[in-house]
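Remember, predicted model here, so these are calculated numbers, not experimental data. A note on names: the letters A, B, ... follow the listed sequences, proteins ahead of strands, and every chain is numbered from 1.
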Number of protein chains: 2
Amino acid sequence: MRERSKQAQAIRKLLEEAAGPMSANELWSASQENGIGIATIYRALKRGVEAGELCEANLPGSPTRYEPAGRTHHHHFLCSECHRAIDLHGCVPGLEAILPPQFTLTDHEILLFGLCADCSPAS
Amino acid sequence: MRERSKQAQAIRKLLEEAAGPMSANELWSASQENGIGIATIYRALKRGVEAGELCEANLPGSPTRYEPAGRTHHHHFLCSECHRAIDLHGCVPGLEAILPPQFTLTDHEILLFGLCADCSPAS
DNA sequence: AGAGAAGTGATAATCGATTATAAGTTATCC
DNA sequence: GGATAACTTATAATCGATTATCACTTCTCT
(Lines give C-alpha, C1' and ligand atoms only; values in the text may rest on other atoms or scores of the structure.)
Protein backbone atom coordinates (compact mmCIF):
# COMPACT_ATOMS: atom_id res chain seq x y z
CA MET A 1 0.00 0.00 0.00
CA ARG A 2 1.28 3.39 -0.96
CA GLU A 3 1.03 6.60 0.97
CA ARG A 4 -1.24 9.33 -0.27
CA SER A 5 0.33 11.29 -3.08
CA LYS A 6 1.42 14.88 -2.63
CA GLN A 7 -1.60 16.03 -4.62
CA ALA A 8 -4.05 13.99 -2.59
CA GLN A 9 -2.50 15.34 0.59
CA ALA A 10 -2.90 18.91 -0.63
CA ILE A 11 -6.54 18.32 -1.44
CA ARG A 12 -7.14 16.67 1.90
CA LYS A 13 -5.46 19.56 3.69
CA LEU A 14 -7.65 22.11 1.92
CA LEU A 15 -10.76 20.24 2.99
CA GLU A 16 -9.59 19.87 6.59
CA GLU A 17 -8.90 23.57 6.90
CA ALA A 18 -11.87 24.88 4.96
CA ALA A 19 -14.72 26.65 6.71
CA GLY A 20 -17.18 24.37 4.93
CA PRO A 21 -17.55 21.76 2.21
CA MET A 22 -15.90 22.49 -1.14
CA SER A 23 -16.75 21.51 -4.70
CA ALA A 24 -14.30 20.00 -7.17
CA ASN A 25 -14.05 23.35 -8.89
CA GLU A 26 -13.40 25.26 -5.71
CA LEU A 27 -10.66 22.82 -4.79
CA TRP A 28 -9.17 23.15 -8.23
CA SER A 29 -9.13 26.95 -8.09
CA ALA A 30 -7.56 26.77 -4.64
CA SER A 31 -4.87 24.41 -5.96
CA GLN A 32 -3.87 26.39 -8.99
CA GLU A 33 -0.45 27.27 -7.56
CA ASN A 34 0.32 23.54 -7.30
CA GLY A 35 -0.70 22.90 -10.89
CA ILE A 36 -3.04 20.10 -9.93
CA GLY A 37 -5.29 18.96 -12.78
CA ILE A 38 -9.05 18.83 -12.43
CA ALA A 39 -9.07 15.10 -13.13
CA THR A 40 -6.79 14.52 -10.16
CA ILE A 41 -9.19 16.46 -7.97
CA TYR A 42 -12.09 14.27 -9.01
CA ARG A 43 -10.08 11.08 -8.56
CA ALA A 44 -8.90 12.06 -5.10
CA LEU A 45 -12.45 12.94 -4.07
CA LYS A 46 -13.82 9.68 -5.38
CA ARG A 47 -11.14 7.66 -3.60
CA GLY A 48 -11.68 9.62 -0.42
CA VAL A 49 -15.39 8.86 -0.44
CA GLU A 50 -14.78 5.18 -1.20
CA ALA A 51 -12.26 5.01 1.62
CA GLY A 52 -14.79 6.59 3.97
CA GLU A 53 -12.51 9.56 4.63
CA LEU A 54 -14.68 12.09 2.85
CA CYS A 55 -18.38 12.54 2.46
CA GLU A 56 -20.52 14.38 -0.02
CA ALA A 57 -22.61 17.42 0.81
CA ASN A 58 -25.22 18.29 -1.76
CA LEU A 59 -26.48 21.82 -1.47
CA PRO A 60 -29.27 23.06 -3.71
CA GLY A 61 -28.32 24.57 -7.04
CA SER A 62 -24.62 23.78 -6.87
CA PRO A 63 -22.42 20.83 -7.75
CA THR A 64 -21.56 18.26 -5.10
CA ARG A 65 -19.28 19.49 -2.36
CA TYR A 66 -17.05 17.39 -0.14
CA GLU A 67 -16.01 17.48 3.50
CA PRO A 68 -13.98 15.27 5.82
CA ALA A 69 -16.08 12.44 7.20
CA GLY A 70 -16.76 11.93 10.87
CA ARG A 71 -17.49 15.49 11.84
CA THR A 72 -20.21 16.12 14.37
CA HIS A 73 -23.75 16.87 13.20
CA HIS A 74 -23.86 20.26 11.57
CA HIS A 75 -25.56 22.29 8.87
CA HIS A 76 -24.55 24.77 6.20
CA PHE A 77 -24.69 28.43 5.35
CA LEU A 78 -24.52 29.57 1.74
CA CYS A 79 -23.22 33.06 1.07
CA SER A 80 -25.08 34.76 -1.77
CA GLU A 81 -22.09 36.95 -2.48
CA CYS A 82 -19.00 34.76 -2.47
CA HIS A 83 -20.94 31.52 -2.94
CA ARG A 84 -18.96 29.67 -0.31
CA ALA A 85 -20.56 27.09 1.93
CA ILE A 86 -19.78 27.46 5.63
CA ASP A 87 -20.37 24.98 8.42
CA LEU A 88 -22.90 25.88 11.09
CA HIS A 89 -22.45 24.17 14.40
CA GLY A 90 -25.38 22.96 16.40
CA CYS A 91 -28.88 22.12 15.36
CA VAL A 92 -32.44 23.22 15.90
CA PRO A 93 -34.97 21.23 17.95
CA GLY A 94 -38.55 20.61 16.97
CA LEU A 95 -38.24 19.56 13.35
CA GLU A 96 -40.74 16.74 13.86
CA ALA A 97 -43.36 19.40 14.41
CA ILE A 98 -43.71 19.96 10.68
CA LEU A 99 -43.54 16.28 9.69
CA PRO A 100 -46.93 15.03 8.47
CA PRO A 101 -48.44 11.93 10.09
CA GLN A 102 -47.41 8.54 8.66
CA PHE A 103 -44.12 9.95 7.41
CA THR A 104 -40.83 8.40 8.50
CA LEU A 105 -38.03 10.85 9.22
CA THR A 106 -34.49 9.61 8.65
CA ASP A 107 -32.45 12.74 8.09
CA HIS A 108 -32.64 16.47 7.70
CA GLU A 109 -30.73 19.44 6.41
CA ILE A 110 -31.01 23.04 7.47
CA LEU A 111 -29.72 25.66 5.07
CA LEU A 112 -29.29 29.30 5.88
CA PHE A 113 -28.75 31.83 3.11
CA GLY A 114 -27.41 35.35 3.30
CA LEU A 115 -24.05 37.06 3.61
CA CYS A 116 -21.10 35.59 5.48
CA ALA A 117 -19.00 37.69 7.83
CA ASP A 118 -16.59 38.67 5.06
CA CYS A 119 -19.38 39.77 2.73
CA SER A 120 -21.69 41.39 5.28
CA PRO A 121 -21.62 45.20 5.40
CA ALA A 122 -19.32 46.30 8.23
CA SER A 123 -21.39 46.70 11.37
CA MET B 1 -52.99 38.67 -25.74
CA ARG B 2 -53.73 35.04 -26.13
CA GLU B 3 -55.08 32.63 -23.58
CA ARG B 4 -52.88 29.92 -22.18
CA SER B 5 -52.67 26.94 -24.49
CA LYS B 6 -54.21 23.60 -23.61
CA GLN B 7 -50.77 22.21 -22.85
CA ALA B 8 -49.78 25.09 -20.61
CA GLN B 9 -53.07 24.71 -18.76
CA ALA B 10 -52.45 21.01 -18.20
CA ILE B 11 -49.00 21.71 -16.83
CA ARG B 12 -50.31 24.44 -14.58
CA LYS B 13 -53.05 22.16 -13.29
CA LEU B 14 -50.57 19.43 -12.44
CA LEU B 15 -48.50 21.89 -10.43
CA GLU B 16 -51.53 23.31 -8.63
CA GLU B 17 -52.71 19.91 -7.56
CA ALA B 18 -49.35 18.36 -6.76
CA ALA B 19 -48.32 17.63 -3.20
CA GLY B 20 -45.06 19.43 -3.80
CA PRO B 21 -42.81 21.00 -6.43
CA MET B 22 -42.21 19.01 -9.62
CA SER B 23 -39.32 18.80 -12.04
CA ALA B 24 -39.62 19.10 -15.81
CA ASN B 25 -39.19 15.35 -16.09
CA GLU B 26 -41.83 14.57 -13.50
CA LEU B 27 -44.26 16.85 -15.29
CA TRP B 28 -43.44 15.21 -18.59
CA SER B 29 -44.00 11.71 -17.21
CA ALA B 30 -47.27 12.84 -15.70
CA SER B 31 -48.35 14.31 -19.07
CA GLN B 32 -47.56 11.30 -21.21
CA GLU B 33 -51.21 10.57 -21.90
CA ASN B 34 -51.56 14.03 -23.44
CA GLY B 35 -48.52 13.56 -25.67
CA ILE B 36 -46.92 16.77 -24.51
CA GLY B 37 -43.29 17.10 -25.61
CA ILE B 38 -40.51 17.79 -23.16
CA ALA B 39 -39.63 21.04 -24.95
CA THR B 40 -43.14 22.31 -24.33
CA ILE B 41 -42.78 21.53 -20.66
CA TYR B 42 -39.59 23.57 -20.44
CA ARG B 43 -41.12 26.43 -22.42
CA ALA B 44 -44.19 26.58 -20.24
CA LEU B 45 -42.09 26.52 -17.07
CA LYS B 46 -39.85 29.30 -18.31
CA ARG B 47 -42.80 31.46 -19.28
CA GLY B 48 -44.48 30.75 -15.98
CA VAL B 49 -41.45 31.88 -14.02
CA GLU B 50 -41.05 35.01 -16.19
CA ALA B 51 -44.71 35.84 -15.68
CA GLY B 52 -44.31 35.46 -11.93
CA GLU B 53 -46.83 32.64 -11.80
CA LEU B 54 -44.35 29.92 -10.96
CA CYS B 55 -41.23 29.79 -8.88
CA GLU B 56 -38.27 27.49 -8.79
CA ALA B 57 -37.47 25.18 -5.90
CA ASN B 58 -33.96 23.80 -5.92
CA LEU B 59 -33.54 20.76 -3.76
CA PRO B 60 -30.14 19.14 -3.29
CA GLY B 61 -29.06 16.53 -5.80
CA SER B 62 -32.00 16.88 -8.15
CA PRO B 63 -32.90 19.09 -11.10
CA THR B 64 -34.87 22.27 -10.57
CA ARG B 65 -38.47 21.79 -9.51
CA TYR B 66 -41.31 24.24 -9.94
CA GLU B 67 -44.31 25.27 -7.87
CA PRO B 68 -47.06 27.88 -8.12
CA ALA B 69 -45.87 31.23 -6.83
CA GLY B 70 -47.44 33.03 -3.92
CA ARG B 71 -47.87 30.12 -1.57
CA THR B 72 -47.30 30.69 2.10
CA HIS B 73 -43.90 30.02 3.62
CA HIS B 74 -43.21 26.31 3.65
CA HIS B 75 -40.49 23.70 3.39
CA HIS B 76 -39.98 20.38 1.67
CA PHE B 77 -39.77 16.69 2.37
CA LEU B 78 -37.90 14.39 0.01
CA CYS B 79 -38.92 10.74 -0.08
CA SER B 80 -35.93 8.43 -0.46
CA GLU B 81 -38.13 5.78 -2.01
CA CYS B 82 -40.35 7.47 -4.61
CA HIS B 83 -38.16 10.58 -4.87
CA ARG B 84 -41.10 12.93 -4.76
CA ALA B 85 -40.85 16.30 -3.04
CA ILE B 86 -43.73 17.10 -0.70
CA ASP B 87 -44.66 20.43 0.87
CA LEU B 88 -44.34 20.77 4.61
CA HIS B 89 -46.49 23.43 6.19
CA GLY B 90 -45.22 25.56 9.01
CA CYS B 91 -41.72 26.41 10.07
CA VAL B 92 -39.35 25.98 12.96
CA PRO B 93 -38.35 28.80 15.31
CA GLY B 94 -34.85 29.49 16.54
CA LEU B 95 -32.83 29.23 13.37
CA GLU B 96 -30.81 32.32 14.29
CA ALA B 97 -29.36 30.31 17.17
CA ILE B 98 -26.93 28.59 14.84
CA LEU B 99 -26.04 31.69 12.80
CA PRO B 100 -22.47 32.84 13.53
CA PRO B 101 -21.87 36.46 14.58
CA GLN B 102 -21.44 39.03 11.79
CA PHE B 103 -23.47 36.92 9.38
CA THR B 104 -26.54 38.36 7.67
CA LEU B 105 -29.48 35.99 7.34
CA THR B 106 -31.81 36.55 4.39
CA ASP B 107 -33.46 33.21 3.80
CA HIS B 108 -33.50 29.61 4.88
CA GLU B 109 -34.57 26.17 3.77
CA ILE B 110 -35.43 23.18 5.90
CA LEU B 111 -35.32 19.79 4.25
CA LEU B 112 -36.55 16.59 5.79
CA PHE B 113 -35.61 13.24 4.31
CA GLY B 114 -37.19 9.85 4.81
CA LEU B 115 -40.23 7.96 3.63
CA CYS B 116 -43.51 9.60 2.72
CA ALA B 117 -46.83 8.18 3.89
CA ASP B 118 -47.18 6.05 0.77
CA CYS B 119 -43.71 4.57 1.10
CA SER B 120 -43.58 4.18 4.89
CA PRO B 121 -44.14 0.66 6.19
CA ALA B 122 -47.79 0.28 7.23
CA SER B 123 -48.11 1.21 10.88
C1' DA C 1 -61.59 31.60 -45.57
C1' DG C 2 -56.97 33.54 -45.20
C1' DA C 3 -52.96 36.08 -43.06
C1' DG C 4 -50.12 36.28 -39.38
C1' DA C 5 -48.79 35.55 -34.66
C1' DA C 6 -47.99 32.23 -31.19
C1' DG C 7 -47.58 27.55 -29.84
C1' DT C 8 -46.17 22.60 -30.52
C1' DG C 9 -43.40 18.17 -30.95
C1' DA C 10 -39.28 15.88 -32.47
C1' DT C 11 -34.79 16.23 -32.38
C1' DA C 12 -30.24 18.34 -32.70
C1' DA C 13 -27.24 21.33 -30.20
C1' DT C 14 -25.32 23.09 -26.08
C1' DC C 15 -23.83 23.40 -21.32
C1' DG C 16 -21.61 22.27 -16.93
C1' DA C 17 -20.19 18.42 -14.36
C1' DT C 18 -17.91 14.28 -14.31
C1' DT C 19 -15.37 10.22 -16.13
C1' DA C 20 -12.31 7.72 -19.40
C1' DT C 21 -8.15 7.56 -22.10
C1' DA C 22 -3.36 7.90 -23.31
C1' DA C 23 1.22 9.13 -22.61
C1' DG C 24 4.31 10.46 -19.26
C1' DT C 25 6.01 10.64 -14.09
C1' DT C 26 6.99 9.05 -9.43
C1' DA C 27 7.39 5.86 -5.78
C1' DT C 28 8.37 1.12 -4.18
C1' DC C 29 10.60 -3.05 -4.14
C1' DC C 30 13.97 -6.31 -5.50
C1' DG D 1 19.28 0.82 -11.36
C1' DG D 2 15.42 -1.27 -13.46
C1' DA D 3 10.67 -3.50 -13.39
C1' DT D 4 6.42 -2.35 -12.17
C1' DA D 5 2.45 -0.57 -9.99
C1' DA D 6 0.18 3.58 -8.77
C1' DC D 7 -0.36 8.19 -9.87
C1' DT D 8 -0.36 12.45 -12.75
C1' DT D 9 -1.74 15.89 -16.50
C1' DA D 10 -4.16 17.24 -20.48
C1' DT D 11 -7.80 16.40 -23.05
C1' DA D 12 -11.45 13.82 -25.30
C1' DA D 13 -15.68 11.53 -24.31
C1' DT D 14 -19.87 11.09 -21.82
C1' DC D 15 -23.95 12.24 -19.17
C1' DG D 16 -28.21 14.53 -17.72
C1' DA D 17 -30.44 18.84 -18.00
C1' DT D 18 -31.80 22.49 -20.73
C1' DT D 19 -32.24 25.29 -24.98
C1' DA D 20 -32.43 26.11 -30.04
C1' DT D 21 -34.14 24.92 -34.54
C1' DC D 22 -37.46 23.68 -37.90
C1' DA D 23 -41.49 22.18 -40.05
C1' DC D 24 -46.08 22.00 -38.79
C1' DT D 25 -50.51 23.21 -36.20
C1' DT D 26 -53.65 26.17 -33.78
C1' DC D 27 -55.55 30.33 -32.50
C1' DT D 28 -57.15 35.19 -33.43
C1' DC D 29 -58.73 38.68 -36.08
C1' DT D 30 -60.87 40.50 -40.07
Q: In plain terms, say whether A:E26 and A:R84 are close enough for a salt bridge, that is, a side-chain N and a carboxylate O under 4.0 Å apart.
A: no
Q: Measure from CD1 on A:I11 to P on D:dC7 and round the result to the nearest Å.
A: 12 Å
Q: Name the residue from A:L111, A:L59, A:L88 that meets the side-chain contact (heavy atoms from CB on, under 4.5 Å) definition with A:F77.
A: A:L88
Q: Is the shortest side-chain N/O distance from B:Q7 to OP1 or OP2 of C:dG9 below 4.0 Å?
A: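 B:Q7 to C:dG9 OP1/OP2: side-chain N or O found under 4.0 Å.
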Q: Round to a whole Å and report the spacing from CD1 of B:I36 to P of C:dT11.
A: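 Atom CD1 in B:I36 sits about 17 Å away from atom P in C:dT11.
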Q: Look at A:E67 together with A:R71 and state whether they make a salt bridge at an N to O cut-off of under 4.0 Å.
A: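 A:R71 and A:E67: not salt-bridged.
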Q: Any salt bridge between B:R12 and B:E16, counting N to O under 4.0 Å?
A: yes
Q: Sugar-phosphate means primed atoms, P, OP1 and OP2; the rest is base. With that split, encode nucleotides 15-22 of chain D 5' to 3' as B, S or - using protein heavy atoms under 4.0 Å.
A: --SBBBB-
Q: Between C1' on C:dG9 and CG on B:N34, what's the gap in Å once rounded to a whole number?
A: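 To the nearest whole Å, that distance equals 13 Å.
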Q: Expressed in angstrom and rounded to an integer, what is the separation of B:Q9 atom CD from D:dT26 atom P?
A: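 Taking atom P of D:dT26 as the reference, CD of B:Q9 is at 16 Å.
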Q: Under the rule for side chain to side chain donor-acceptor pair (under 3.5 Å), what residues qualify as partners of B:N34, not counting sequence neighbours?
A: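 Result, side chain to side chain donor-acceptor pair (under 3.5 Å) vs B:N34: none returned.
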Q: With a cut-off of less than 4.0 Å, is there a side-chain N or O of B:R47 near OP1 or OP2 of C:dT8?
A: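 Yes, B:R47 has a side-chain N/O under 4.0 Å of OP1/OP2 on C:dT8.
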Q: Can you list the residues that meet the salt bridge (Lys or Arg N to Asp or Glu O under 4.0 Å) rule with A:E81, with sequence neighbours excluded?
A: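 Partners of A:E81 under the salt bridge (Lys or Arg N to Asp or Glu O under 4.0 Å) test: none.
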Q: If you compare every side-chain N and O of A:S5 against the phosphate oxygens of D:dT8 (OP1, OP2), does one of them come in below 4.0 Å?
A: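 So the side chain of A:S5 is within the cut-off, an N or O lying under 4.0 Å from OP1 or OP2 of D:dT8.
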